[in-house]
2 protein chains.
Amino acid sequence: MEADPVRSPIRVALEVCPVEVGIAVLGGTWKLTVVKHLLEGGTMRSGDLSRTVPQASQRTLTRQLRELEQDGVVHRRVYPEVPPRVEYSLTELGAGLADVVAAMNAWGRVYEAHLDGQNTA
Amino acid sequence: MEADPVRSPIRVALEVCPVEVGIAVLGGTWKLTVVKHLLEGGTMRSGDLSRTVPQASQRTLTRQLRELEQDGVVHRRVYPEVPPRVEYSLTELGAGLADVVAAMNAWGRVYEAHLDGQNTA
DNA sequence: CAGAATCCTCATAGATACTG
DNA sequence: CAGTATCTATGAGGATTCTG
């Protein structure tokens, strides 16, 4: 099986530090949000994702999904139908991001609380 | 006390999803690596950090540190000496990133193993 | 419905040289 | 030693239009 080529930001990250690999894979805007929703919602269609992340332009969302697919995090299934249907789901590797998502989510909330504390104090 | 203004990527992330906040704060190249080393090494001087992340240009490293400082993750202490001495350490908020670093690090290793598996299989 | 093609703008980051 | 200033290049991401 022909594996997808590893994107160059990831190759760089691999040489620097394992923590940078996650940043390289998830660094694009919305990527982690997409992963989070796929973790929660299982399989989702393109339109579902667009509605879930309305701030992302369609072009950007598509690109992010393609990169996540290339990086082995997301699986893309195309149904040969009219009108077309495409479903996205997490690979095993992608499902392994659950801990990352949880840690990020928790810290994000701490950060929010921190900001609120600054304003209220 | 006058709080640093919240950088715009973070403001956007706050409106989208808590997981994006972490990405917004740590998204710059080397940032998570810096945090990881500060977690391990405690206080570090600029030169220490430069040597720890030799791939980063000095200008970039300085900017990243300033942003981390602005975001409340890193504390910067300047000693009024000649030659100058500047020490960086994590704030409480920054120390809270330990779980994120651990999760990222673990997943980065899984990712490496995944790539190796592809080549070996 | 899903996405490709085109155009545009701004932020990021590197290299280099200089300063207190 | 730590940092700033300047210049440059790359690319990420948005808006819009078009197609099977």
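These numbers come from a predicted model, not from an experiment. Any value given below was found using the heavy atoms of this structure, including those in side chains, with hydrogens, waters and symmetry copies removed. Here is the naming used below: chain letters follow the sequence lines, and residue numbers restart at 1 for every chain.
Here B/Arg76 lies in heavy-atom contact (under 4.0 Å) with sugar-phosphate atoms only. Within the nucleic acid shown, B/Glu67 has no heavy atom closer than 4.0 Å to any nucleic acid atom. Here A/Tyr88 lies in heavy-atom contact (under 4.0 Å) with sugar-phosphate atoms only.
For A/Arg59, there are no salt bridge (charged side-chain N to carboxylate O under 4.0 Å, His left out) partners at least two apart in sequence or on another chain. Scanning for salt bridge (charged side-chain N to carboxylate O under 4.0 Å, His left out) contacts around A/Arg109 gives an empty result, with sequence neighbours left out. Every side chain to side chain donor-acceptor pair (under 3.5 Å) that B/Asp48 has, sequence neighbours left out, goes to B/Arg51. Partners of B/Arg11 by side-chain contact (heavy atoms from CB on, under 4.5 Å), not counting sequence neighbours, listed by chain and number: B/Val6, B/Ser8. Judged as a salt bridge (charged side-chain N to carboxylate O under 4.0 Å, His left out), and not counting sequence neighbours, the contacts of A/Arg85 are A/Glu81, A/Glu87. Not counting sequence neighbours, B/Tyr111 has no partner by the side chain to side chain donor-acceptor pair (under 3.5 Å) test. Judged as a salt bridge (charged side-chain N to carboxylate O under 4.0 Å, His left out), and not counting sequence neighbours, A/Glu15 has no contacts. Every residue meeting the side-chain contact (heavy atoms from CB on, under 4.5 Å) condition with A/Ser50, not counting sequence neighbours, appears here in chain and number order: A/Leu61.
Rounding to the nearest 0.5 Å places CG of A/Leu65 at 10.0 Å from CE of A/Met44. Atoms OH and CZ, from A/Tyr88 and A/Arg77 in turn, are 14.0 Å apart once rounded to the nearest 0.5 Å. Rounding to the nearest 0.5 Å places OG1 of B/Thr62 at 10.0 Å from CG of B/Leu49.
Considering only heavy atoms from C-beta on, B/Lys36 comes within 4.5 Å of A/Cys17 through its side chain.
Protein atom CZ of B/Arg66 is 19 Å distant from nucleotide atom C1' of C/dA11, rounded to whole Å. The distance between atom CZ of B/Arg11 and atom P of C/dA11, rounded to the nearest whole Å, is 13 Å.
Taking the 5' to 3' direction, DNA chain D first and last meets chain B under 4.0 angstrom from a heavy atom at D/dC1 to D/dT6.
Residues of residues 44-57 of chain A having a heavy atom closer than 4.0 Å to DNA chain D, listed by number: A/Ser57. Near DNA chain D, meaning a heavy atom under 4.0 Å away, the residues from residues 16-39 of chain A are A/Gly28, A/Thr29, A/Trp30.
Checking C/dT12, C/dC1, C/dA4 against the side-chain heavy atoms of B/Arg63 singles out C/dT12 as nearest.
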What are the atom names and distances for every N/O pair under 3.5 Å that joins the protein to nucleotides 5-8 of chain C?
residue, atom, partner, partner atom, Å
C/dT6, O4, A/Arg59, NE, 3.2

Yes or no on side-chain contact (heavy atoms from CB on, under 4.5 Å) for B/Val35 and B/Lys31, after CA distance, side-chain angles and deciding distance? CA-CA 6 Å; B/Val35 170; B/Lys31 279 186 180 176; 5.7 Å; no
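With the nearest nucleotide of DNA chain C identified for both A/Thr62 and A/Pro84, A/Pro84 has the one nearer the 5' end.
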